[in-house]
Protein chains: 2
Amino acid sequence: MTKADIVNEVSKNTGIEKVTVQKTVEAFMETVKESLVDGKNVYLRGFGSFVVKRRAEKTARNISKNTTIIIPAHNIPSFKPAKSFVQKVKTK
Amino acid sequence: MTKADIVNEVSKNTGIEKVTVQKTVEAFMETVKESLVDGKNVYLRGFGSFVVKRRAEKTARNISKNTTIIIPAHNIPSFKPAKSFVQKVKTK
DNA sequence: AAGAAAAAGACATAAAATGTCGACTCATAA
DNA sequence: TTATGAGTCGACATTTTATGTCTTTTTCTT
């Protein structure tokens, strides 16, 4: 599904105008992103949690050049799906 | 941040009523969930992709009992953040 | 504000993911 | 239709995740 598909579905299910849904969905994603950039996790019960995780320094390979490089420690955005979400997906 | 925090922020930034924002955000999450339950991935540019992954049968541990259990092959929901999202988080 | 219940976090270890680059193709989204 | 973000592929060593159960914390509805 694309964003347009999601917007259509939400609009159909809620009766809210597509323009409003699109604007809201976009703002939602932007807000989640900015929250994680600020280091603040987002907890959405029944859906999942968007959390910032720390990745340790790591040695990787540039495969095409067959060289080694060091990836410094850094933060990444991650998502932990809610248990109920996992349950529903696992059985299908 | 909680759902209420997100809804407040979205409402503030878009001018859309909180009640509408909440309804939209809830429907958004529900739609993403149902899409993955149906086996259909969701691609949201600049935010990330919600994708169903297959997990092979696995030997795992019941840690508290220190026993071995077999987890049958199953699907899990996962999220791959967009590159731009990763970039913004990594540097903070 | 209260209460329900979802979620976080701790434990040992096998499985899964991670990262790199670059070229190419695919697909989202305005 | 067009621009460009996103996905894919290779090797491989290291890091991270995911299992159940229990307790505590937190979300979130009313």
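Chain naming here is simple, since letters A, B, ... match the order of the sequence lines and numbering starts at 1 in each.
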* With no angle test and no hydrogens, is the base of C/dA27 tied to the side chain of B/Arg45 by a donor-acceptor pair under 3.5 Å? -> yes
How many Å lie between [atom1] on [X] and [atom2] on [N], as a whole number?
| X | N | atom1 | atom2 | result |
| --- | --- | --- | --- | --- |
| B/Gln87 | D/dT4 | CD | C1' | 16 Å |
| A/Glu30 | C/dA29 | CD | C1' | 16 Å |
| B/Asn66 | D/dC22 | CG | P | 15 Å |
| A/Lys65 | C/dC21 | NZ | P | 8 Å |
| B/Ile71 | C/dA16 | CD1 | P | 12 Å |
| A/Lys3 | D/dG5 | NZ | P | 14 Å |
| A/Arg55 | D/dA13 | CZ | C1' | 16 Å |
| A/Lys80 | D/dT26 | NZ | P | 15 Å |

Need one value for [X]: base, sugar-phosphate or nothing, where a base atom within 4.0 Å counts as base even if backbone is also close, heavy atoms only.
| X | answer |
| --- | --- |
| B/Ala82 | sugar-phosphate |
| A/Ser64 | base |
| B/Ser49 | sugar-phosphate |
| B/Glu57 | nothing |

* Among A/Val21, A/Val7, A/Val10, which one satisfies side-chain contact (heavy atoms from CB on, under 4.5 Å) with A/Ile16? -> A/Val21
* Asked: Where does the angle between the aromatic ring planes of B/Phe79 and A/Phe50 fall among parallel (under 30°), tilted (30 to 60°) and perpendicular (over 60°)?
  -> perpendicular
* Along DNA chain C (nearest heavy atom to each residue), the more 5'-positioned of A/Gln22 and A/Thr59 -> A/Thr59
* Residue closer to the 5' end of DNA chain C, A/Phe47 versus A/Ile69 (nearest nucleotide) -> A/Phe47
* **5' precedence on DNA chain D between A/Ser78 and A/Ile63 (nearest-nucleotide basis)** => A/Ile63
* **Backbone of A/Thr2 reached by a side-chain donor or acceptor of A/Asp5 within 3.5 Å** => yes
